[in-house]
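This one's a predicted model, so the numbers in the text were calculated from it and none came from an experiment.
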Amino acid sequence: MSRVVDLPDEAATVRLGTRLAALARPGDVLLLTGTLGAGKSTLARAFIRALTSPGEEVPSPTFTLVQTYDGDRGELWHFDLYRLDRPDDAWELGIEDAFADGISLIEWPDRLGALVPRRRLDIRLEPGPAEGARRATLTSVDQWDDRIGDL
């Protein structure tokens, strides 16, 4: 099941992150794809703040590769795999724990290769029709089928 959401501005990207957080459950995996500057970190930051606190400091995990947070529904894992050398290096980041019990947001998931989980929500962010606009394509793969229609 897929759904396309037009995001006319950054505030709309924040609202989408907040709405996704309201529907998230432990064990969920959200894969965020798009070019640099597409809004992946903006969406992830809004998602994390919705499940922690509005003032939560949410730095990009570009250099640390992963940041974790204690959220209302359990542990939140925010991965930025842009600098991951090999898919197997993800094991050193604790990715199996994230997939088992946490809620995972993964930027640059293509770096995982065959380790991409079977059950997930794929979110592709692309430029929209106007300056500053984005288009999000959300595709449920055996995990969000019962929730994606609520967006």
Side-chain angles (χ1 to χ4, degrees), residues 3-84 89-112 115-117 119-141 143-144 146-151:
R3 175 128 192 236
V4 176
V5 180
D6 287 315
L7 307 168
D9 52 29
E10 185 173 326
T13 303
V14 169
R15 284 191 301 275
L16 177 61
T18 301
R19 290 191 339 239
L20 288 168
L23 299 172
R25 303 174 187 154
D28 281 347
V29 177
L30 293 83
L31 304 183
L32 306 172
T33 60
T35 60
L36 287 172
K40 298 180 300 293
S41 293
T42 298
L43 189 140
R45 191 170 289 116
F47 184 101
I48 292 165
R49 286 181 175 154
L51 292 176
T52 57
S53 72
E56 181 77 38
E57 185 176 336
V58 184
S60 174
T62 300
F63 296 104
T64 59
L65 302 181
V66 64
Q67 295 283 341
T68 59
Y69 305 88
D70 291 323
D72 293 344
R73 295 191 195 113
E75 195 163 25
L76 306 172
W77 297 70
H78 182 196
F79 296 90
D80 183 328
L81 302 180
Y82 184 76
R83 296 178 44 240
L84 195 71
D89 291 343
W91 298 119
E92 295 174 25
L93 303 175
I95 205 158
E96 70 276 13
D97 294 329
F99 290 167
D101 301 319
I103 297 173
S104 304
L105 298 148
I106 304 174
E107 298 183 45
W108 304 100
D110 58 309
R111 303 293 203 268
L112 285 175
L115 298 179
V116 169
R119 296 172 36 94
R120 64 189 188 269
L121 178 64
D122 293 333
I123 304 169
R124 172 169 293 286
L125 293 163
E126 302 171 298
E131 177 141 357
R134 302 280 183 265
R135 174 166 287 149
T137 303
L138 295 86
T139 304
S140 172
V141 182
Q143 191 172 51
W144 282 70
D146 61 335
R147 295 173 273 168
I148 199 169
D150 294 336
L151 292 172

Can you give each donor-acceptor pair under 3.5 Å made by side-chain atoms of residues 121-130, sequence neighbours left out, with the distance rounded to 0.1 Å?
unit_1: D122; atom_1: OD1; unit_2: R120; atom_2: NE; d: 2.9
unit_1: D122; atom_1: OD2; unit_2: R120; atom_2: NE; d: 3.3

Exercise. Which atoms form the tightest heavy-atom contact between A24 and F47, and what is the distance?
Worked result: CB-CZ, 3.6 Å
Exercise. Is R111 positioned over the aromatic face of Y82, cation under 6.0 angstrom from the ring centre and no more than 45 degrees off axis?
Worked result: yes
Exercise. Taking only residues two or more places apart in sequence, or in another chain, which ones meet D110 in a salt bridge (Lys or Arg N to Asp or Glu O under 4.0 Å)?
Worked result: none
Exercise. Side chains of L76 and T52: does their closest heavy-atom pair fall under 4.5 Å?
Worked result: yes
For this session: Could I get the full list of side-chain hydrogen bond (donor to acceptor under 3.5 Å, both in side chains) partners for D101, not counting sequence neighbours?
Result: none
Problem set entry | Partner residues of D6 under the side-chain hydrogen bond (donor to acceptor under 3.5 Å, both in side chains) criterion, sequence neighbours left out | R135
Seminar exercise, completed: Contacts of A90 meeting side-chain contact (heavy atoms from CB on, under 4.5 Å) (sequence neighbours excluded), chain-then-number -> L84, I95, L112, L115
Exercise. Looking at W144 and L23, what are the two nearest heavy atoms and their distance?
Worked result: CZ3-CB, 3.7 Å
Problem set entry | ring pair (Phe, Tyr, Trp, His ring centres under 6.0 Å) against W77, all qualifying residues, sequence neighbours excluded | F79
For this session: Test side-chain contact (heavy atoms from CB on, under 4.5 Å) on L93 and L81 and set out the steps.
Result: CA-CA 10 Å; L93 303 175; L81 302 180; 3.8 Å; yes
For this session: Measure the spacing between CG of L16 and CG of L138 and express it to the nearest 0.5 Å.
Result: 6.0 Å
For this session: Provide the full list of side chain to side chain donor-acceptor pair (under 3.5 Å) pairs with a residue in residues 36-50, sequence neighbours left out, each pair given once.
Result: S41-E107
Problem set entry | Minimum heavy-atom distance T139-I148, with the two atoms named | N-CD1, 4.4 Å
Seminar exercise, completed: For A136 and L7 the tightest heavy-atom approach is CB-CD1, 3.9 Å
Exercise. Between A44 and H78, which heavy-atom pair has the shortest distance, and what is it?
Worked result: CB-NE2, 3.5 Å
Seminar exercise, completed: For G39 and T13 the tightest heavy-atom approach is O-CG2, 3.9 Å
Below 3.5 Å, can you tabulate the donor-acceptor pairs from side chains in residues 54-61 to any protein atom, sequence neighbours excluded?
unit_1: S60; atom_1: OG; unit_2: T62; atom_2: N; d: 3.4
unit_1: S60; atom_1: OG; unit_2: T62; atom_2: OG1; d: 2.7

Problem set entry | Those residues that, when tested against D9, pass salt bridge (Lys or Arg N to Asp or Glu O under 4.0 Å) (two or more places apart) | none
Problem set entry | Qualifying salt bridge (charged side-chain N to carboxylate O under 4.0 Å, His left out) pairs, either residue in residues 23-32, two or more places apart | R25-D146, D28-R147
Problem set entry | Residue list, side-chain hydrogen bond (donor to acceptor under 3.5 Å, both in side chains) with T33, at least two apart or on another chain | none
Determine all donor-acceptor pairs shorter than 3.5 Å in which one atom belongs to a side chain in residues 64-72; sequence neighbours excluded.
unit_1: T64; atom_1: OG1; unit_2: V66; atom_2: O; d: 3.3
unit_1: T64; atom_1: OG1; unit_2: Q67; atom_2: NE2; d: 3.1

For this session: Please test R73 against L51 for side-chain contact (heavy atoms from CB on, under 4.5 Å), starting from the C-alpha separation and ending with a verdict.
Result: CA-CA 7 Å; R73 295 191 195 113; L51 292 176; 3.2 Å; yes
